[in-house]
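Just below is one structure, and these are the notes that go with it.
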Amino acid sequence: MKRGVLPPLVALAMLVATVPALAYLKLGTRIGSTTANLRWTNQPVRYFITDRGTTGVTSQQFQNAITASFAVWDAVEDADLSVNLTGLTQANPTTGDSMTVLGYQNRPDLDRVLGATNFIIDTTTGEILESDIFFNSSFPWSTDPAGVTGRHDVESIAVHEIGHLLGLGHSALGETEMIAGGRRVLGAESVMFPIAFAAGSIHDRTLKEDDIAGITDIYPSMQSRRTRGSISGKVTKDGAGVLGAHVVAFNTRTGAMVGGFSLNNEGGFTIAGLEPGTYTLRTEPLDDADVSSFFDSSLNIDVNFGVRFHDRVVVVAPGSGTRDVEVKVTPK
Amino acid sequence: MKNAAKLFLISIVVLTLPAIAGAQVYSGGDAPRRGSFEAAGGGMFAPGFDMGSMTAELTRSTPTETFDLFTSDSEVSEFPGAFIRLGYYLSESVSVEGGFRYARPTLSVRLSGDAESAPDVTADETVSHYLFEGSALWHLRDLSFASGSAIPYLSGGAGYLRELHEGNQLVETGQEYHALAGVNFWLGAGKHRFGLRFEGGLSARKKGFDPDDSLRMQPIVFGGVSYLF
(Lines give C-alpha, C1' and ligand atoms only; values in the text may rest on other atoms or scores of the structure.)
Protein backbone atom coordinates (compact mmCIF):
# COMPACT_ATOMS: atom_id res chain seq x y z
CA MET A 1 0.00 0.00 0.00
CA LYS A 2 2.56 2.54 -1.09
CA ARG A 3 2.61 5.82 -2.90
CA GLY A 4 5.86 7.26 -4.10
CA VAL A 5 7.23 10.03 -6.22
CA LEU A 6 10.68 11.05 -7.37
CA PRO A 7 12.45 10.56 -4.99
CA PRO A 8 10.05 7.85 -3.86
CA LEU A 9 7.71 9.05 -1.20
CA VAL A 10 5.11 6.79 0.14
CA ALA A 11 1.56 7.18 1.23
CA LEU A 12 1.28 4.09 3.34
CA ALA A 13 -1.99 2.61 4.39
CA MET A 14 -1.15 1.03 7.71
CA LEU A 15 -3.86 -1.41 8.50
CA VAL A 16 -4.75 -2.07 12.08
CA ALA A 17 -6.40 -5.32 11.29
CA THR A 18 -5.01 -7.80 8.81
CA VAL A 19 -6.74 -6.75 5.65
CA PRO A 20 -4.87 -7.98 2.61
CA ALA A 21 -5.82 -6.48 -0.70
CA LEU A 22 -7.55 -9.50 -2.11
CA ALA A 23 -9.98 -8.02 -4.55
CA TYR A 24 -8.88 -6.12 -7.62
CA LEU A 25 -9.12 -2.73 -6.13
CA LYS A 26 -10.96 -3.45 -2.96
CA LEU A 27 -9.64 -4.09 0.49
CA GLY A 28 -10.80 -7.27 2.10
CA THR A 29 -10.58 -9.35 5.20
CA ARG A 30 -10.42 -13.11 5.43
CA ILE A 31 -13.36 -14.72 7.17
CA GLY A 32 -12.66 -18.42 7.19
CA SER A 33 -12.21 -19.43 3.59
CA THR A 34 -13.95 -16.40 2.17
CA THR A 35 -13.04 -12.75 1.80
CA ALA A 36 -15.30 -9.92 2.92
CA ASN A 37 -14.81 -6.56 1.30
CA LEU A 38 -14.17 -3.64 3.57
CA ARG A 39 -17.00 -1.13 3.38
CA TRP A 40 -18.97 1.30 5.43
CA THR A 41 -22.38 -0.12 6.09
CA ASN A 42 -23.53 2.82 8.20
CA GLN A 43 -23.85 5.89 6.04
CA PRO A 44 -23.27 8.72 5.74
CA VAL A 45 -19.62 8.25 6.54
CA ARG A 46 -19.10 10.85 9.26
CA TYR A 47 -15.69 12.41 9.54
CA PHE A 48 -13.89 15.13 11.46
CA ILE A 49 -11.07 17.36 10.32
CA THR A 50 -8.31 18.38 12.67
CA ASP A 51 -8.47 22.15 13.03
CA ARG A 52 -4.83 22.69 12.26
CA GLY A 53 -2.83 23.60 9.17
CA THR A 54 0.82 23.34 8.36
CA THR A 55 3.46 25.44 6.66
CA GLY A 56 1.93 26.82 3.48
CA VAL A 57 -1.56 25.52 4.25
CA THR A 58 -3.94 27.19 6.68
CA SER A 59 -6.48 25.22 8.64
CA GLN A 60 -9.25 26.64 6.48
CA GLN A 61 -7.44 25.70 3.27
CA PHE A 62 -6.89 22.20 4.60
CA GLN A 63 -10.57 21.86 5.50
CA ASN A 64 -11.60 23.06 2.06
CA ALA A 65 -9.25 20.61 0.35
CA ILE A 66 -10.45 17.65 2.43
CA THR A 67 -14.10 18.54 1.88
CA ALA A 68 -13.48 18.83 -1.84
CA SER A 69 -11.73 15.45 -1.85
CA PHE A 70 -14.66 13.71 -0.19
CA ALA A 71 -16.97 15.44 -2.64
CA VAL A 72 -15.05 13.90 -5.53
CA TRP A 73 -16.01 10.40 -4.36
CA ASP A 74 -19.47 11.45 -3.23
CA ALA A 75 -20.15 12.73 -6.74
CA VAL A 76 -19.86 9.31 -8.38
CA GLU A 77 -23.42 8.89 -9.56
CA ASP A 78 -23.40 5.13 -9.75
CA ALA A 79 -22.10 4.65 -6.22
CA ASP A 80 -24.54 4.56 -3.34
CA LEU A 81 -22.31 6.53 -1.03
CA SER A 82 -22.74 9.55 1.18
CA VAL A 83 -20.31 11.38 3.42
CA ASN A 84 -20.76 14.04 6.02
CA LEU A 85 -18.36 16.46 7.66
CA THR A 86 -19.34 16.22 11.29
CA GLY A 87 -17.11 19.06 12.37
CA LEU A 88 -13.67 20.29 13.29
CA THR A 89 -11.72 18.78 16.11
CA GLN A 90 -8.53 19.32 18.03
CA ALA A 91 -8.03 15.55 18.08
CA ASN A 92 -5.26 13.97 16.07
CA PRO A 93 -6.00 11.28 13.50
CA THR A 94 -5.30 8.45 15.87
CA THR A 95 -6.96 5.10 15.90
CA GLY A 96 -9.29 3.95 18.62
CA ASP A 97 -11.14 7.11 19.57
CA SER A 98 -14.30 6.14 17.65
CA MET A 99 -13.86 9.19 15.46
CA THR A 100 -12.86 9.23 11.82
CA VAL A 101 -10.36 12.06 11.70
CA LEU A 102 -8.22 13.54 8.94
CA GLY A 103 -5.40 15.81 9.90
CA TYR A 104 -1.72 16.61 9.89
CA GLN A 105 0.88 14.85 11.94
CA ASN A 106 4.56 15.59 11.94
CA ARG A 107 6.28 12.29 11.23
CA PRO A 108 9.83 12.99 10.03
CA ASP A 109 10.65 9.38 10.84
CA LEU A 110 8.42 8.28 7.96
CA ASP A 111 10.57 9.86 5.29
CA ARG A 112 8.70 8.21 2.43
CA VAL A 113 5.18 8.55 3.76
CA LEU A 114 3.05 11.45 2.60
CA GLY A 115 -0.05 10.14 4.30
CA ALA A 116 -1.56 7.00 5.68
CA THR A 117 -4.98 5.51 6.26
CA ASN A 118 -5.74 3.36 9.28
CA PHE A 119 -8.80 1.27 9.95
CA ILE A 120 -10.70 -0.38 12.69
CA ILE A 121 -12.89 -3.01 11.18
CA ASP A 122 -15.25 -5.72 12.25
CA THR A 123 -13.22 -8.73 11.16
CA THR A 124 -16.31 -10.92 11.04
CA THR A 125 -18.16 -8.78 8.50
CA GLY A 126 -15.65 -6.42 6.91
CA GLU A 127 -17.58 -3.41 8.17
CA ILE A 128 -15.38 -0.35 8.62
CA LEU A 129 -15.98 1.12 12.06
CA GLU A 130 -13.40 3.86 12.09
CA SER A 131 -10.74 5.14 9.76
CA ASP A 132 -8.18 7.88 10.20
CA ILE A 133 -5.94 9.59 7.71
CA PHE A 134 -2.84 11.53 8.56
CA PHE A 135 -0.88 13.81 6.28
CA ASN A 136 2.78 14.02 7.08
CA SER A 137 3.54 17.67 7.80
CA SER A 138 7.25 17.05 7.48
CA PHE A 139 6.72 17.42 3.72
CA PRO A 140 5.85 20.66 1.91
CA TRP A 141 2.14 20.96 1.05
CA SER A 142 -0.01 23.19 -1.07
CA THR A 143 -3.68 23.76 -1.82
CA ASP A 144 -3.05 26.10 -4.72
CA PRO A 145 -5.67 25.47 -7.43
CA ALA A 146 -2.95 25.00 -10.05
CA GLY A 147 -0.50 23.15 -7.82
CA VAL A 148 2.91 24.39 -6.80
CA THR A 149 6.09 22.77 -8.07
CA GLY A 150 7.85 20.97 -5.25
CA ARG A 151 4.83 20.96 -2.95
CA HIS A 152 2.44 18.06 -2.59
CA ASP A 153 -1.15 18.80 -3.42
CA VAL A 154 -3.38 18.15 -0.41
CA GLU A 155 -6.44 17.40 -2.49
CA SER A 156 -4.67 14.91 -4.76
CA ILE A 157 -3.20 12.95 -1.87
CA ALA A 158 -6.47 13.19 0.05
CA VAL A 159 -8.49 11.78 -2.84
CA HIS A 160 -6.17 8.76 -2.90
CA GLU A 161 -6.27 8.23 0.86
CA ILE A 162 -10.02 8.70 1.03
CA GLY A 163 -10.27 6.00 -1.62
CA HIS A 164 -8.60 3.69 0.91
CA LEU A 165 -10.83 5.01 3.68
CA LEU A 166 -13.85 3.97 1.60
CA GLY A 167 -12.48 0.46 1.04
CA LEU A 168 -10.41 0.64 -2.13
CA GLY A 169 -7.02 -0.99 -2.37
CA HIS A 170 -4.38 -0.04 -4.87
CA SER A 171 -4.73 -0.17 -8.61
CA ALA A 172 -1.89 -1.31 -10.83
CA LEU A 173 -3.01 0.82 -13.74
CA GLY A 174 0.23 2.64 -14.30
CA GLU A 175 3.71 2.26 -15.69
CA THR A 176 6.93 3.02 -13.89
CA GLU A 177 10.63 2.83 -14.51
CA MET A 178 13.35 1.95 -12.08
CA ILE A 179 15.64 4.75 -11.08
CA ALA A 180 18.26 5.09 -8.42
CA GLY A 181 16.50 4.73 -5.12
CA GLY A 182 13.10 3.67 -6.35
CA ARG A 183 10.57 4.01 -9.15
CA ARG A 184 9.42 6.89 -11.27
CA VAL A 185 5.90 7.06 -12.64
CA LEU A 186 5.81 7.17 -16.41
CA GLY A 187 2.04 7.33 -16.47
CA ALA A 188 -0.95 6.26 -14.45
CA GLU A 189 -4.66 6.08 -15.11
CA SER A 190 -5.99 5.61 -11.62
CA VAL A 191 -5.95 7.81 -8.55
CA MET A 192 -5.40 4.59 -6.60
CA PHE A 193 -2.09 3.80 -8.28
CA PRO A 194 0.29 3.32 -5.36
CA ILE A 195 3.03 5.65 -6.55
CA ALA A 196 2.21 9.34 -6.70
CA PHE A 197 3.02 11.79 -9.44
CA ALA A 198 5.77 14.28 -8.80
CA ALA A 199 5.13 16.98 -6.21
CA GLY A 200 3.10 19.78 -7.71
CA SER A 201 0.89 17.54 -9.81
CA ILE A 202 -2.86 17.94 -9.35
CA HIS A 203 -3.87 15.05 -11.64
CA ASP A 204 -5.18 12.96 -8.80
CA ARG A 205 -7.89 15.45 -7.93
CA THR A 206 -9.93 13.81 -10.66
CA LEU A 207 -11.12 10.21 -10.57
CA LYS A 208 -10.44 7.96 -13.52
CA GLU A 209 -12.73 5.25 -14.84
CA ASP A 210 -10.75 2.67 -12.88
CA ASP A 211 -11.53 4.49 -9.62
CA ILE A 212 -15.17 4.97 -10.54
CA ALA A 213 -15.56 1.30 -11.39
CA GLY A 214 -13.98 0.36 -8.08
CA ILE A 215 -16.13 2.56 -5.87
CA THR A 216 -19.21 1.53 -7.84
CA ASP A 217 -18.30 -2.08 -7.26
CA ILE A 218 -18.10 -1.58 -3.49
CA TYR A 219 -21.15 0.67 -3.15
CA PRO A 220 -23.35 -0.20 -6.14
CA SER A 221 -26.49 1.87 -6.54
CA MET A 222 -29.71 0.27 -7.71
CA GLN A 223 -29.15 1.94 -11.05
CA SER A 224 -25.58 0.75 -11.45
CA ARG A 225 -26.65 -2.83 -10.78
CA ARG A 226 -28.81 -2.49 -13.88
CA THR A 227 -26.52 -0.40 -16.03
CA ARG A 228 -23.00 -1.69 -15.38
CA GLY A 229 -21.56 -5.12 -15.97
CA SER A 230 -18.53 -7.25 -15.32
CA ILE A 231 -15.98 -9.55 -16.91
CA SER A 232 -14.75 -12.62 -15.12
CA GLY A 233 -12.61 -15.56 -16.05
CA LYS A 234 -9.19 -16.90 -15.38
CA VAL A 235 -5.58 -16.31 -16.33
CA THR A 236 -3.65 -19.48 -17.13
CA LYS A 237 -0.08 -20.36 -17.96
CA ASP A 238 0.61 -23.78 -19.40
CA GLY A 239 -2.83 -24.80 -18.22
CA ALA A 240 -2.33 -23.75 -14.60
CA GLY A 241 -3.87 -20.74 -12.90
CA VAL A 242 -1.79 -17.60 -12.44
CA LEU A 243 -2.08 -15.75 -9.14
CA GLY A 244 -1.69 -11.98 -9.12
CA ALA A 245 -1.84 -11.28 -12.85
CA HIS A 246 -2.95 -7.75 -13.60
CA VAL A 247 -5.79 -7.78 -16.13
CA VAL A 248 -6.86 -4.52 -17.76
CA ALA A 249 -10.17 -4.16 -19.57
CA PHE A 250 -9.92 -1.57 -22.34
CA ASN A 251 -13.14 -0.10 -23.70
CA THR A 252 -12.64 -0.05 -27.48
CA ARG A 253 -15.13 2.77 -27.90
CA THR A 254 -14.18 5.18 -25.12
CA GLY A 255 -10.60 4.20 -24.42
CA ALA A 256 -11.37 3.87 -20.71
CA MET A 257 -9.38 1.30 -18.75
CA VAL A 258 -10.29 -0.64 -15.64
CA GLY A 259 -7.90 -3.05 -14.01
CA GLY A 260 -8.23 -6.10 -11.84
CA PHE A 261 -6.21 -9.03 -10.58
CA SER A 262 -6.39 -12.77 -10.71
CA LEU A 263 -6.92 -13.56 -7.07
CA ASN A 264 -6.75 -17.28 -6.54
CA ASN A 265 -4.66 -20.24 -7.50
CA GLU A 266 -7.01 -21.03 -10.36
CA GLY A 267 -6.20 -17.61 -11.84
CA GLY A 268 -9.74 -16.36 -11.32
CA PHE A 269 -10.41 -12.68 -11.85
CA THR A 270 -13.41 -10.37 -11.92
CA ILE A 271 -13.49 -6.82 -13.19
CA ALA A 272 -16.76 -5.22 -12.13
CA GLY A 273 -18.35 -1.80 -12.42
CA LEU A 274 -17.79 -1.67 -16.17
CA GLU A 275 -19.75 0.49 -18.54
CA PRO A 276 -21.50 -1.63 -21.19
CA GLY A 277 -19.52 -2.00 -24.39
CA THR A 278 -16.85 -3.96 -26.12
CA TYR A 279 -13.55 -4.55 -24.38
CA THR A 280 -10.17 -6.01 -25.07
CA LEU A 281 -8.09 -7.50 -22.29
CA ARG A 282 -4.40 -6.92 -21.61
CA THR A 283 -2.66 -9.06 -19.02
CA GLU A 284 0.66 -8.22 -17.44
CA PRO A 285 2.74 -9.30 -14.47
CA LEU A 286 2.78 -7.07 -11.44
CA ASP A 287 6.05 -5.34 -12.12
CA ASP A 288 5.31 -1.63 -11.92
CA ALA A 289 5.24 -1.36 -8.16
CA ASP A 290 6.21 -3.48 -5.22
CA VAL A 291 4.08 -6.60 -4.98
CA SER A 292 3.59 -5.76 -1.32
CA SER A 293 1.69 -2.65 -2.39
CA PHE A 294 -1.09 -4.98 -3.48
CA PHE A 295 -0.83 -8.37 -1.85
CA ASP A 296 0.09 -9.98 1.41
CA SER A 297 3.74 -10.97 1.20
CA SER A 298 2.85 -14.55 2.09
CA LEU A 299 1.17 -15.04 -1.27
CA ASN A 300 3.13 -16.54 -4.11
CA ILE A 301 2.48 -13.94 -6.79
CA ASP A 302 3.51 -15.08 -10.27
CA VAL A 303 5.38 -12.43 -12.24
CA ASN A 304 7.06 -14.81 -14.66
CA PHE A 305 5.03 -14.26 -17.78
CA GLY A 306 4.97 -11.86 -20.67
CA VAL A 307 2.46 -9.10 -21.38
CA ARG A 308 -0.32 -10.47 -23.53
CA PHE A 309 -3.51 -9.37 -25.25
CA HIS A 310 -6.55 -11.64 -25.24
CA ASP A 311 -7.54 -12.61 -28.77
CA ARG A 312 -11.27 -12.12 -28.40
CA VAL A 313 -13.36 -9.00 -28.01
CA VAL A 314 -15.21 -9.29 -24.71
CA VAL A 315 -18.73 -7.89 -24.55
CA VAL A 316 -20.15 -6.33 -21.39
CA ALA A 317 -23.90 -5.96 -21.25
CA PRO A 318 -25.81 -3.81 -18.76
CA GLY A 319 -26.59 -5.56 -15.51
CA SER A 320 -24.84 -8.78 -16.37
CA GLY A 321 -21.50 -10.48 -16.30
CA THR A 322 -19.46 -12.04 -19.06
CA ARG A 323 -17.96 -15.19 -17.60
CA ASP A 324 -15.49 -17.89 -18.46
CA VAL A 325 -13.03 -15.71 -20.29
CA GLU A 326 -9.70 -17.52 -20.35
CA VAL A 327 -6.61 -15.42 -20.89
CA LYS A 328 -3.58 -17.53 -21.72
CA VAL A 329 -0.12 -16.20 -20.95
CA THR A 330 3.28 -17.71 -21.55
CA PRO A 331 6.44 -17.75 -19.44
CA LYS A 332 8.98 -15.03 -20.11
CA MET B 1 -76.42 -13.49 -75.55
CA LYS B 2 -75.16 -11.18 -72.89
CA ASN B 3 -72.64 -13.82 -71.71
CA ALA B 4 -71.36 -14.30 -75.20
CA ALA B 5 -70.75 -10.55 -75.49
CA LYS B 6 -68.75 -10.56 -72.26
CA LEU B 7 -66.56 -13.38 -73.44
CA PHE B 8 -65.90 -11.57 -76.63
CA LEU B 9 -64.85 -8.35 -74.96
CA ILE B 10 -62.52 -10.08 -72.58
CA SER B 11 -60.87 -11.93 -75.42
CA ILE B 12 -60.25 -8.69 -77.19
CA VAL B 13 -58.60 -7.17 -74.15
CA VAL B 14 -56.34 -10.11 -73.59
CA LEU B 15 -55.37 -10.43 -77.19
CA THR B 16 -54.66 -6.79 -77.73
CA LEU B 17 -52.59 -6.11 -74.62
CA PRO B 18 -49.39 -7.70 -75.92
CA ALA B 19 -49.58 -5.50 -78.95
CA ILE B 20 -49.98 -2.41 -76.83
CA ALA B 21 -47.08 -3.45 -74.64
CA GLY B 22 -44.83 -4.05 -77.56
CA ALA B 23 -45.61 -0.74 -79.10
CA GLN B 24 -45.54 1.35 -75.91
CA VAL B 25 -45.03 0.08 -72.37
CA TYR B 26 -45.29 -3.35 -71.00
CA SER B 27 -47.99 -3.30 -68.41
CA GLY B 28 -47.56 -6.81 -67.18
CA GLY B 29 -50.79 -8.33 -68.18
CA ASP B 30 -52.86 -8.54 -65.04
CA ALA B 31 -49.99 -7.49 -62.82
CA PRO B 32 -48.14 -5.70 -61.30
CA ARG B 33 -50.98 -3.35 -60.81
CA ARG B 34 -52.66 -1.60 -58.02
CA GLY B 35 -53.39 -4.11 -55.30
CA SER B 36 -50.69 -6.59 -56.28
CA PHE B 37 -48.26 -7.92 -53.72
CA GLU B 38 -44.63 -8.71 -54.31
CA ALA B 39 -42.66 -10.97 -52.01
CA ALA B 40 -38.91 -10.93 -52.42
CA GLY B 41 -35.92 -12.52 -50.81
CA GLY B 42 -32.27 -13.11 -51.46
CA GLY B 43 -28.78 -12.13 -50.56
CA MET B 44 -27.06 -8.86 -49.86
CA PHE B 45 -23.54 -7.60 -49.59
CA ALA B 46 -22.03 -4.45 -48.15
CA PRO B 47 -18.34 -3.77 -47.71
CA GLY B 48 -16.79 -3.37 -44.29
CA PHE B 49 -15.55 -0.13 -42.89
CA ASP B 50 -12.95 1.31 -40.59
CA MET B 51 -14.24 2.27 -37.17
CA GLY B 52 -11.24 4.29 -36.17
CA SER B 53 -8.37 4.09 -33.74
CA MET B 54 -8.17 4.51 -30.01
CA THR B 55 -5.07 4.82 -27.89
CA ALA B 56 -4.84 3.43 -24.39
CA GLU B 57 -3.37 6.44 -22.68
CA LEU B 58 -1.97 6.87 -19.23
CA THR B 59 -1.77 10.32 -17.70
CA ARG B 60 1.72 11.71 -17.19
CA SER B 61 2.81 14.29 -14.66
CA THR B 62 3.12 16.85 -17.39
CA PRO B 63 -0.39 18.12 -18.03
CA THR B 64 -0.25 18.03 -21.80
CA GLU B 65 1.48 14.68 -22.24
CA THR B 66 0.22 11.12 -22.19
CA PHE B 67 1.93 7.79 -22.04
CA ASP B 68 0.62 5.57 -24.82
CA LEU B 69 0.21 2.04 -23.55
CA PHE B 70 -1.01 0.57 -26.83
CA THR B 71 -3.19 1.38 -29.81
CA SER B 72 -6.39 -0.22 -31.04
CA ASP B 73 -7.69 -0.05 -34.60
CA SER B 74 -11.25 -1.23 -35.06
CA GLU B 75 -12.94 -2.32 -38.24
CA VAL B 76 -15.96 -4.26 -39.27
CA SER B 77 -15.82 -6.87 -41.98
CA GLU B 78 -18.04 -7.22 -45.02
CA PHE B 79 -21.77 -7.68 -44.45
CA PRO B 80 -22.81 -10.74 -46.46
CA GLY B 81 -26.37 -11.43 -45.49
CA ALA B 82 -29.95 -12.07 -46.49
CA PHE B 83 -33.10 -10.06 -46.91
CA ILE B 84 -36.82 -10.60 -47.23
CA ARG B 85 -39.41 -8.02 -48.28
CA LEU B 86 -43.10 -7.76 -48.88
CA GLY B 87 -44.37 -5.04 -51.17
CA TYR B 88 -47.74 -3.64 -52.10
CA TYR B 89 -48.47 -1.83 -55.34
CA LEU B 90 -50.36 1.40 -54.76
CA SER B 91 -50.45 1.87 -58.52
CA GLU B 92 -48.65 0.45 -61.52
CA SER B 93 -45.75 2.81 -60.85
CA VAL B 94 -45.60 3.10 -57.11
CA SER B 95 -45.27 0.45 -54.46
CA VAL B 96 -44.32 0.36 -50.83
CA GLU B 97 -42.57 -2.44 -49.08
CA GLY B 98 -41.35 -3.48 -45.71
CA GLY B 99 -38.63 -5.92 -44.99
CA PHE B 100 -35.89 -7.32 -42.89
CA ARG B 101 -32.16 -7.77 -43.39
CA TYR B 102 -29.81 -10.01 -41.50
CA ALA B 103 -26.02 -10.23 -41.61
CA ARG B 104 -23.20 -11.49 -39.41
CA PRO B 105 -20.25 -9.15 -39.79
CA THR B 106 -17.08 -9.58 -37.77
CA LEU B 107 -15.90 -6.77 -35.53
CA SER B 108 -12.11 -6.79 -35.32
CA VAL B 109 -9.83 -4.81 -33.06
CA ARG B 110 -6.14 -4.75 -33.94
CA LEU B 111 -4.03 -4.22 -30.81
CA SER B 112 -0.51 -3.03 -31.47
CA GLY B 113 2.32 -0.80 -30.37
CA ASP B 114 2.38 -2.05 -26.81
CA ALA B 115 4.73 -0.13 -24.53
CA GLU B 116 5.88 -3.38 -22.97
CA SER B 117 6.18 -5.27 -26.25
CA ALA B 118 3.11 -7.46 -26.01
CA PRO B 119 2.73 -9.28 -29.33
CA ASP B 120 0.26 -7.63 -31.70
CA VAL B 121 -3.11 -9.34 -31.72
CA THR B 122 -6.34 -8.99 -33.61
CA ALA B 123 -9.26 -9.61 -31.27
CA ASP B 124 -12.63 -10.16 -32.83
CA GLU B 125 -16.25 -10.99 -32.28
CA THR B 126 -19.20 -11.72 -34.53
CA VAL B 127 -22.11 -9.31 -34.47
CA SER B 128 -25.69 -10.11 -35.47
CA HIS B 129 -26.99 -7.30 -37.62
CA TYR B 130 -30.77 -6.91 -37.96
CA LEU B 131 -32.44 -4.20 -39.96
CA PHE B 132 -36.18 -3.59 -40.15
CA GLU B 133 -36.80 -1.39 -43.14
CA GLY B 134 -39.52 0.37 -45.08
CA SER B 135 -39.23 1.71 -48.62
CA ALA B 136 -41.14 3.43 -51.36
CA LEU B 137 -40.48 2.24 -54.92
CA TRP B 138 -41.03 4.08 -58.14
CA HIS B 139 -41.28 1.65 -61.06
CA LEU B 140 -39.96 3.21 -64.25
CA ARG B 141 -42.15 1.50 -66.76
CA ASP B 142 -41.12 3.93 -69.46
CA LEU B 143 -37.59 2.56 -69.19
CA SER B 144 -38.49 -1.11 -69.34
CA PHE B 145 -36.44 -3.36 -71.61
CA ALA B 146 -36.04 -7.03 -72.55
CA SER B 147 -39.36 -6.90 -74.29
CA GLY B 148 -40.88 -5.19 -71.31
CA SER B 149 -40.11 -7.93 -68.85
CA ALA B 150 -37.35 -5.91 -67.15
CA ILE B 151 -38.63 -2.93 -65.24
CA PRO B 152 -36.18 -0.61 -63.54
CA TYR B 153 -37.10 1.13 -60.35
CA LEU B 154 -35.83 3.57 -57.81
CA SER B 155 -36.24 3.01 -54.14
CA GLY B 156 -35.75 5.03 -51.00
CA GLY B 157 -36.47 4.39 -47.39
CA ALA B 158 -35.32 4.06 -43.85
CA GLY B 159 -34.75 1.36 -41.31
CA TYR B 160 -34.34 0.56 -37.66
CA LEU B 161 -30.99 -0.97 -36.91
CA ARG B 162 -30.57 -3.51 -34.17
CA GLU B 163 -27.20 -5.09 -33.60
CA LEU B 164 -26.42 -7.76 -31.04
CA HIS B 165 -22.93 -8.50 -29.86
CA GLU B 166 -21.77 -12.00 -29.04
CA GLY B 167 -23.78 -13.50 -26.23
CA ASN B 168 -26.86 -11.63 -27.45
CA GLN B 169 -27.01 -9.52 -24.31
CA LEU B 170 -25.62 -6.24 -25.52
CA VAL B 171 -27.93 -4.62 -28.02
CA GLU B 172 -27.11 -1.45 -29.87
CA THR B 173 -29.66 0.33 -32.00
CA GLY B 174 -29.48 2.90 -34.74
CA GLN B 175 -30.99 4.16 -37.94
CA GLU B 176 -30.45 3.37 -41.58
CA TYR B 177 -31.41 5.30 -44.72
CA HIS B 178 -31.07 4.00 -48.25
CA ALA B 179 -31.39 5.11 -51.84
CA LEU B 180 -31.30 2.28 -54.35
CA ALA B 181 -31.77 1.63 -58.03
CA GLY B 182 -32.80 -1.78 -59.26
CA VAL B 183 -34.53 -3.83 -61.85
CA ASN B 184 -37.16 -6.55 -61.78
CA PHE B 185 -36.93 -9.23 -64.47
CA TRP B 186 -40.36 -10.78 -64.59
CA LEU B 187 -40.47 -14.37 -65.72
CA GLY B 188 -43.77 -14.75 -67.45
CA ALA B 189 -46.72 -12.49 -67.60
CA GLY B 190 -49.34 -13.97 -65.37
CA LYS B 191 -50.93 -12.43 -62.37
CA HIS B 192 -48.87 -14.78 -60.26
CA ARG B 193 -45.32 -14.94 -61.46
CA PHE B 194 -41.76 -15.16 -60.41
CA GLY B 195 -39.04 -12.72 -61.18
CA LEU B 196 -35.44 -11.90 -60.52
CA ARG B 197 -34.57 -8.78 -58.67
CA PHE B 198 -31.26 -6.89 -58.49
CA GLU B 199 -30.59 -3.58 -56.86
CA GLY B 200 -27.74 -1.51 -55.57
CA GLY B 201 -27.12 1.87 -54.13
CA LEU B 202 -26.14 3.62 -50.99
CA SER B 203 -27.01 2.81 -47.43
CA ALA B 204 -26.32 5.35 -44.69
CA ARG B 205 -26.19 4.03 -41.16
CA LYS B 206 -26.01 5.86 -37.87
CA LYS B 207 -25.07 4.36 -34.51
CA GLY B 208 -25.60 0.67 -33.83
CA PHE B 209 -22.19 -0.73 -32.97
CA ASP B 210 -20.63 2.10 -34.92
CA PRO B 211 -19.20 4.67 -32.49
CA ASP B 212 -19.42 7.39 -35.12
CA ASP B 213 -22.42 9.65 -34.49
CA SER B 214 -22.54 10.86 -38.06
CA LEU B 215 -24.09 9.07 -41.00
CA ARG B 216 -21.78 6.45 -42.47
CA MET B 217 -22.34 5.81 -46.17
CA GLN B 218 -21.88 2.31 -47.53
CA PRO B 219 -22.49 0.92 -51.00
CA ILE B 220 -24.81 -2.05 -50.88
CA VAL B 221 -26.09 -4.58 -53.40
CA PHE B 222 -28.97 -7.02 -53.31
CA GLY B 223 -29.94 -9.93 -55.51
CA GLY B 224 -32.82 -12.34 -55.21
CA VAL B 225 -36.10 -13.66 -56.44
CA SER B 226 -39.53 -12.08 -56.40
CA TYR B 227 -42.98 -13.50 -56.50
CA LEU B 228 -45.89 -11.39 -57.63
CA PHE B 229 -49.39 -12.21 -56.50
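Letters A, B, ... mirror the listed sequences (proteins, then strands); counts begin at 1. Just so you know, these numbers come straight off a predicted model, no measurement behind them. For the numbers below, each heavy atom of this structure counts, side chains included, while hydrogens, waters and symmetry mates do not.
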Relative to chain B, which segment of [X] carries a heavy atom at a distance below 4.5 Å: side chain, backbone, both, or neither?
X	value
A:Thr252	both
A:Thr322	neither
A:Val314	neither
A:Phe250	side chain

Quiz item: What orientation do B:Phe222 and B:Phe83 show, parallel under 30°, tilted 30 to 60°, or perpendicular over 60°?
Solution: perpendicular
Quiz item: For the candidates A:Arg308, A:Met257, A:Lys208, which exhibits the highest count of non-hydrogen atom pairs separated by less than 4.5 Å from chain B?
Solution: A:Met257
Practice problem: Could you tell me which of A:Asn251, A:Leu173, A:Thr278 has the largest number of non-hydrogen atom pairs under 4.5 Å with chain B? | Solution: A:Thr278
Exercise. Indicate yes or no for a side-chain donor-acceptor contact from A:His203 to the backbone of B:Arg60 under 3.5 Å, with no hydrogens or angles considered.
Key: yes
Quiz item: Do the side chain of B:Glu163 and the main chain of B:Phe209 share a donor and acceptor less than 3.5 angstrom apart?
Solution: yes
Practice problem: Would you mind telling me which of B:Pro211, B:Ala123, B:Ala56, B:Gly52 has the largest number of heavy-atom pairs within less than 4.5 Å of chain A? | Solution: B:Ala123
Quiz item: When only pairs under 4.5 Å are counted, which of B:Glu166, B:Glu116, B:Gln169, B:Glu125 shares the most heavy-atom pairs with chain A?
Solution: B:Glu116
Proximity of [X] and [Y] rings by center, below 6.0 Å:
X	Y	answer
A:Phe294	A:Phe261	yes
B:His129	B:Tyr102	no
B:Phe229	B:Tyr227	yes

Practice problem: Give the C-alpha distance, both sets of side-chain angles, the deciding distance and a yes or no for salt bridge (charged side-chain N to carboxylate O under 4.0 Å, His left out) between B:Arg205 and B:Glu176. | Solution: CA-CA 4 Å; B:Arg205 55 170 290 153; B:Glu176 189 265 2; over 6 Å; no
Quiz item: Going by residue number, which parts of residues 152-161 of chain B are within reach of chain A, meaning a heavy-atom gap below 4.5 Å?
Solution: none
Self-check item: Of B:Asp50, B:Asp120, B:Asp73, the residue whose pairing with B:Arg110 passes salt bridge (charged side-chain N to carboxylate O under 4.0 Å, His left out)
Solution: B:Asp120
Self-check item: Contact list for residues 253-262 of chain A, test salt bridge (Lys or Arg N to Asp or Glu O under 4.0 Å), sequence neighbours left out
Solution: A:Arg253-B:Glu172
Exercise. Go through the side-chain N and O atoms of B:Asp124 and B:Ser108 and say whether any donor and acceptor fall under 3.5 Å apart.
Key: no
